[in-house]
Amino acid sequence: MLKTFIGFLGLAVAALCASSSTLQNVVVPKDHPLIFFHGRWDKSPETWWAGSGFKLHVENLQSLSLSLGNHTTTPLASIGVSVDYEPFVTVNVSVGTNTIIFEKSLTGAKAKSVVRINVEGWQNNRINLENIILNPGARLLPYTPSRLAFQFIGDSLSAGQFLPQGVDQAWPILTGEYVKAEHIVNAQSGAALTDIVSFGNQHGLSFQFFRTEDTGYYFTTDHNFTTPWEFRRDVPPATHVVIHIGANDSSQNVTQAAFIETFLNFLSRLRTIYHTQPIFVFTPWGWLNAGGTVSQYYPDAYQQIVDGRHRLGDRNVFLVNTTGWVTFADVFPDNQHPNVAGHAKIAGLFEKWLEQWGLQPEILWSTPI
Ligand SMILES: *[C@@H]1O[C@H](CO)[C@@H](O)[C@H](O)[C@H]1NC(C)=O
Ligand SMILES: *[C@@H]1O[C@H](CO)[C@@H](O)[C@H](O)[C@H]1NC(C)=O
Ligand SMILES: *[C@@H]1O[C@H](CO)[C@@H](O)[C@H](O)[C@H]1NC(C)=O
Ligand SMILES: *[C@@H]1O[C@H](CO)[C@@H](O)[C@H](O)[C@H]1NC(C)=O
Ligand SMILES: *[C@@H]1O[C@H](CO)[C@@H](O)[C@H](O)[C@H]1NC(C)=O
Ligand SMILES: *[C@@H]1O[C@H](CO)[C@@H](O)[C@H](O)[C@H]1NC(C)=O
């Protein structure tokens, strides 16, 4: 049994435990219709891919326990917990009962809260939900999703590899939070877009994106297989699609011509799912070197990819030129991946780009608190 306190107002929590002990907890089974799942869950249900999770809208919330089954990553999986749209706080959870106590609800008897939970890691990211146990008197309400829903596709540069809080500190989720969108991230460290073995990934994103499991399935003894993803389960469907990939194709010596062809085929296949949504194609910001030089890869390729779609009559694909967005100060010197401040900077630049493109951030989240 693991107990974690998520504190916002710094109130004492001891009294709460005593007063609720005589009443019945509210047990929410894993298939309860008011659990608002997002991202990729298999049938257990268990999570795959960084950022997958669920949201709850709860009246009179004081505590929440996650009862997790034996497909949960051992010894632990790190999840982000956000209450009332505050930044995500890391909680490490394991098989069994994991209790999270919220101090905030002590301020009002019938307060409504939104709790959002997701897995932070691009690996060790499986939580196998059995049920959710709420304090006595808590009641689930419907969660109304945002009008905006962002789908991100990428590699380690989007998955938040090397960040203390993983994907919850990475630019895709930071951007999603800023515009108040639902956000789904399918990003796999070390993976190429091309369907090749790359740095421990059995497949590239052009294959794995269409699967429920991330490429970690290959190293998982209790689930060593991959199944098709049913895109109708993405509720709400994505309104915007963002793709930032290619670094590992380049590391694997995929030629520029082959990369462009793979990318164009991938976009054609995406258009069978996202018929008209805007698709944003990031150029690389490159690998930053200590002397200030930048190692670039696939020069012109991304422009050619976008031009290729335009030639097919698809005007709703846009190039996001990230040249110059990242400097050496924005990356971890030893692995050249953006650091915490670097991800925040990238998110800020993309948010500005989106506003210039014509996207208005939502003013309020759709589920009020
Ligand atoms: C996992 O849990 C299931 C159902 O509770 C049980 O049938 C199975 O034997 C367990 N597996 C392991 C490895 O503990
Ligand atoms: C979660 O576990 C990781 C890995 O053991 C550890 O580095 C981290 O400090 C833990 N975080 C919290 C909030 O307990
Ligand atoms: C590609 O994979 C290598 C090896 O895992 C890693 O060092 C590099 O950072 C990866 N790049 C991206 C963008 O995922
Ligand atoms: C998963 O299956 C593949 C064969 O499909 C095998 O090569 C691999 O070693 C297996 N992984 C584990 C962790 O069992
Ligand atoms: C890619 O090409 C470089 C230069 O020829 C070579 O050093 C490297 O080993 C190659 N990498 C792979 C993964 O084939
Ligand atoms: C991206 O921006 C840089 C710097 O402003 C510029 O040199 C480059 O031509 C741009 N690339 C494309 C494809 O527009």
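Just so you know, these numbers come straight off a predicted model, no measurement behind them. Start at 1 with the first residue, then count along the sequence. The analysis underlying the following values was restricted to heavy atoms, covering all of them including side chains, and did not include hydrogens, waters or symmetry mates. Just so you know, ligand 1 is whichever comes first in the structure, and atom 1 is the first atom listed for that ligand.
- Partner of H244 under the side-chain contact (heavy atoms from CB on, under 4.5 Å) criterion, chosen from W171, Y302, F280: W171.
- For ligand 5, the atoms closer than 4.0 angstrom to any heavy atom of N253 are 1 (C), 2 (O), 3 (C), 8 (C), 10 (C), 11 (N), 12 (C), 14 (O).
- Although no hydrogens or angles enter the test, the distance criterion places a donor-acceptor pair under 3.5 Å between the side chain of D249 and the main chain of L193.
- Taking the six-membered ring where tryptophan is involved, the planes of F266 and F210 are perpendicular, since the angle between them exceeds 60° and thus also 30°.
- Residue L319 has at least one heavy-atom neighbour below 4.0 Å for each of these atoms of ligand 6: 13 (C).
- In this structure, Y298 and F259 have parallel ring planes: the angle between them is below the 30° cut-off, well short of the 60° mark.
- Counting only heavy atoms of the protein, atom 5 (O) of ligand 6 lies nearest to N321 ND2, 4.7 Å.
- Distance check on atom 9 (O) of ligand 6: every protein heavy atom falls at or beyond the 4.0 Å cut-off.
- If you check which protein heavy atom lies closest to atom 11 (N) of ligand 2, you get N92 ND2, 3.0 Å.
- Using modelled atom types, one finds a donor on one side chain and an acceptor on the other under 3.5 Å when comparing E213 with H223.
- A salt bridge links R232 to E230: at least one charged side-chain nitrogen sits closer than 4.0 Å to a carboxylate oxygen.
- With respect to atom 13 (C) of ligand 2, the closest heavy atom belonging to the protein is T90 O, 3.6 Å.
- The protein non-hydrogen atom at the shortest distance from atom 4 (C) of ligand 6 is T323 CG2, 4.0 Å.
- At a cut-off of 3.5 Å, with distance as the only test, a side-chain donor of Q165 or T90 sits close to an acceptor on the other residue.
- Contact atoms of ligand 5 toward Q252: 13 (C) (distance under 4.0 Å to a heavy atom of the residue).
- Shown here, atom 2 (O) of ligand 5 is in close reach of the protein: a heavy atom of it lies under 4.0 Å off.
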